[in-house]
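In listed order, ligands and their atoms are each counted from 1.
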Amino acid sequence: MKIYLDNAATTQVAEEVFNEMKPYFKEKYGNASSLHNYGQEAAKALENSRRIIADKLKAQTEEIIFTSGGTESNNLAILGVAYNFKNKGNHIITTKFEHPSVLETCKALEKEGFSITYLNLNKEGLVNLEELRNSIINKTILVSIMHANNEIGVIQDLKEIYKICKEKNISLHTDAVQSFCKTEVNSDMADLISISAHKIHGPKGIGALYIKKGVKIKKLFHGGKHEFNIRPGTENVAGAVGFAKASLLIKDEDIKRMTKLRNKLINNILKIGDTWLNGSRERLCNNVNISFKYIEGESIMMKLNEKGIAVSTGSACATKELKPSHVLLAIGLKPEDAHGSIRITLSKYTTEKEINYLIKELPSVIKELREMSPYKEEKNDV
Ligand SMILES: *Cc1c(COP(=O)(O)O)cnc(C)c1O
């Protein structure tokens with residue numbers, strides 16, 4: 001058995017996406033800036049892809065900037081607004097459990113003299129709207145709050161958050177990399193929205209930033225007038241074509257099916273004692289994040305890996321460091337409990353058979369690890 005359940009880290013490129021992209025490597029390889037037919041063919045494909053992504057976000061084509069992915073989109077949004085508005089103010093509000101591409105960008109800005117407020121999350125993983133409102137000062141130039149969290153799948157109420165930002169006339173950026181195509185994401189929800197292709201069965205290395213008309217940002221790179229003079233460099237035409245195709249593939253019934261399988265998984269794993277679900281039950285259709293007392297998530301992950309099942313402990317970037325997940329700490333877990341968690345993320349290709357196999361294998365893995373656990377003296381019977 002080979003079962004991939006780490007779809008929040010990345011996904012398989014869909015067959016339809018791969019086929020759609022192929023011609024743009026071999027026959028239609030023109031530079032979209034060239035004026036001959038090769039170039040114009042590429043430019044047409046690029047603009048068609050932009051139209052598709054714009055429609056998906058209920059946006060206009062001029063509001064979509066293709067980037068190299070979620071990380072670049074987050075950097076471009078936050079640094080772009082910060083540098084453009086630094087004469088107006090130097091205060092930015094974000095949360096304690098953002099993706100590193102937001103948190104570390106904010107940390108870098110702190111070194112340049114910006115002041116950052118990191119909002120707390122409650123146990124469910126939600127921002128307190130009153131705390132947000134009270135954090136806004138006259139020097140605040142940006143609020144950046146992720147839509148769905150990549151580790152625990154919790155979805156913020158962006159409509160309410162955006163209302164507060166609009167009242168105070170402050171731009172709202174959201175990292176919607178995990179939520180895009182899994183739940184509604186559109187231009188009514190924020191001024192700047194980051195999305196990425198490889199989390200939705202598109203290729204790696206392409207993403208986009210939605211920038212609402214009238215919101216000014218400073219460009220970060222120089223050397224061309226591509227992407228409305230905001231993001232220079234020869235466009236990744238094949239990537240954009242693949243991204244657009246991927247955004248059209250996920251259907252409501254896929255989301256319903258994933259939700260059902262996810263619930264089955266949660267309900268069965270929670271039957272193993274001394275376990276709990278991290279984050280609100282109301283979450284992304286494909287996310288399960290569970291803590292197991294007395295044992296380490298890394299050991300569970302390795303044992304499952306031996307059985308051919310790929311899951312994750314926290315986010316992919318954090319796993320090399322063996323530090324407890326900043327997301328789980330932010331929602332109030334003790335470090336030792338944060339260590340004992342795994343993240344299981346489904347895709348539209350995940351089958352019931354795969355979920356059943358995991359449900360069958362997991363209890364013995366947990367039992368075996370708990371029997372070896374140095375903490376077992378403290379517990380009565382497991
Ligand atoms: C994956 C991810 C990113 C980074 O996107 P890349 O395209 O891999 O750079 C940013 N934010 C969230 C929430 C993610 O899950």
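- At a heavy-atom cutoff of 4.0 Å, ligand 1 is contacted by the side chain of K199 but not by its backbone.
- Each of the atoms 6 (P), 7 (O), 8 (O) of ligand 1 lies under 4.0 Å from some heavy atom of H198.
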Residue pair K219, E227: steps toward the salt bridge (charged side-chain N to carboxylate O under 4.0 Å, His left out) verdict
CA-CA 11 Å; K219 67 195 272 189; E227 297 298 307; over 6 Å; no
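- The shortest contact between atom 4 (C) of ligand 1 and any protein heavy atom is with T71 OG1, 3.5 Å.
- The shortest contact between atom 7 (O) of ligand 1 and any protein heavy atom is with S196 OG, 2.7 Å.
- More than 12 non-hydrogen atoms from other residues, nucleotides or ligands lie less than 6.0 angstrom from CD of E110.
- Counting heavy atoms under 4.0 Å from ligand 1, residue K204 does not touch it at all.
- With no hydrogens or angles considered, no side-chain donor-acceptor pair links T345 and N286 at under 3.5 Å.
- Within ligand 1, counting atoms from 1 as listed, the ones closer than 4.0 Å to a heavy atom of M146 are 13 (C).
- In the model, H226 has no side-chain atom that pairs as donor or acceptor with a side-chain atom of T234 under 3.5 Å.
- Rounding to the nearest 0.5 angstrom, the gap separating the OG1 atom in T11 from the NE2 atom in H201 is 5.0 Å.
- Taking all heavy atoms of G70, G207, G202 into account, the minimum distance to atom 5 (O) of ligand 1 is reached by G70.
- Using a 3.5 Å distance cut-off with no hydrogens or angles, the side chains of N268 and K271 do pair a donor with an acceptor.
- The protein heavy-atom contact nearest to atom 11 (N) of ligand 1 is D175 OD2, 2.6 Å.
- Of the protein's heavy atoms, H99 NE2, 3.4 Å lies nearest to atom 3 (C) of ligand 1.
- Counting heavy atoms under 4.0 Å from ligand 1, residue V177 touches it through the side chain alone.
- In this structure, K58 is not positioned above the aromatic face of Y210 in the sense of NZ or CZ being under 6.0 Å from the six-membered ring centre and within 45° of the axis.
- Shown in contact with G69 at under 4.0 Å from a heavy atom are these atoms of ligand 1, numbered in order with element: 7 (O).
- Within a 6.0 Å sphere centred on CD of E104, heavy atoms belonging to other residues, nucleotides or ligands number 12 at most.
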